[in-house]
Amino acid sequence: GAVVDITEHPFNTLRDAGVPLTLNSDDPGMFATTLGREYEIAHEVFGLSPGELADLAKAAVRYSFADDDTRAALSAAIDQVAEVAETG
């Protein structure tokens, strides 16, 4: 069935089971969200750390249609941002 309340979403159950997950904004106009807000929700509701959020971003890169050089550059940039976020 449909998820009525975000706290009922099986996100952590799926993640803990090893299901590859990414965050997306789908249709921001229709759902009144942004990709940044989806990352905030993952942190606030599902308790993901900056490193875990970086892992989600890197999964999105890994499963994208980008070429290998672009994937490597994006993953390196995500690692840099995550390091700053973790250390403050």
Side-chain angles (χ1 to χ4, degrees):
V3 174
V4 177
D5 185 313
I6 191 68
T7 60
E8 296 175 5
H9 193 285
F11 182 87
N12 281 327
T13 301
L14 294 168
R15 189 170 63 96
D16 292 345
V19 175
L21 300 172
T22 62
L23 297 178
N24 304 280
S25 60
D26 294 326
D27 187 347
M30 183 172 185
F31 296 108
T33 191
T34 63
L35 186 55
R37 180 64 187 135
E38 295 301 308
Y39 277 86
E40 288 175 6
I41 290 168
H43 171 70
E44 294 167 359
V45 176
F46 302 118
L48 273 64
S49 70
E52 292 168 323
L53 294 173
D55 289 343
L56 285 175
K58 287 169 54 173
V61 170
R62 184 171 40 256
Y63 300 123
S64 75
F65 293 108
D67 60 62
D68 290 342
D69 290 341
T70 301
R71 285 182 187 158
L74 289 170
S75 290
I78 292 166
D79 285 339
Q80 288 177 343
V81 171
E83 184 177 327
V84 169
E86 289 280 354
T87 59

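By convention here, the first residue in the shown sequence is residue 1. Note that the coordinates shown come from a computational prediction; the quantities given were computed from them, not determined experimentally.
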Novice: So which residues get pulled into L14's cluster when ILVMFWY side chains under 4.5 Å apart are joined, directly or through others?
Specialist: I6, F11, V19, L21, L23, L35, Y39, I41, V45, F46, L48, L53, L56

Novice: For Q80, does its backbone N or O pair with a side-chain atom of E83 as donor and acceptor, under 3.5 Å?
Specialist: no

Novice: Are the side chain of S75 and the backbone N or O of R71 linked by a donor-acceptor pair below 3.5 Å?
Specialist: yes

Novice: Verify the distance criterion only: is there a donor paired with an acceptor across the side chains of N24 and T22 at less than 3.5 Å?
Specialist: yes

Novice: How close do A82 and P50 get, heavy atom to heavy atom, and via which atoms?
Specialist: CB-O, 4.4 Å

Novice: Which residue pairs satisfy the salt bridge (charged side-chain N to carboxylate O under 4.0 Å, His left out) criterion with at least one member in residues 36-48, sequence neighbours excluded?
Specialist: R37-E40, R37-E44

Novice: What's in the same ILVMFWY side-chain cluster as V61, cut-off under 4.5 Å, chained through other members?
Specialist: L74, I78

Novice: So, T13 and D16: side-chain donor and acceptor under 3.5 Å apart, yes or no?
Specialist: no

Novice: E52 vs R15, test: side-chain contact (heavy atoms from CB on, under 4.5 Å). Steps then yes/no.
Specialist: CA-CA 10 Å; E52 292 168 323; R15 189 170 63 96; 3.4 Å; yes

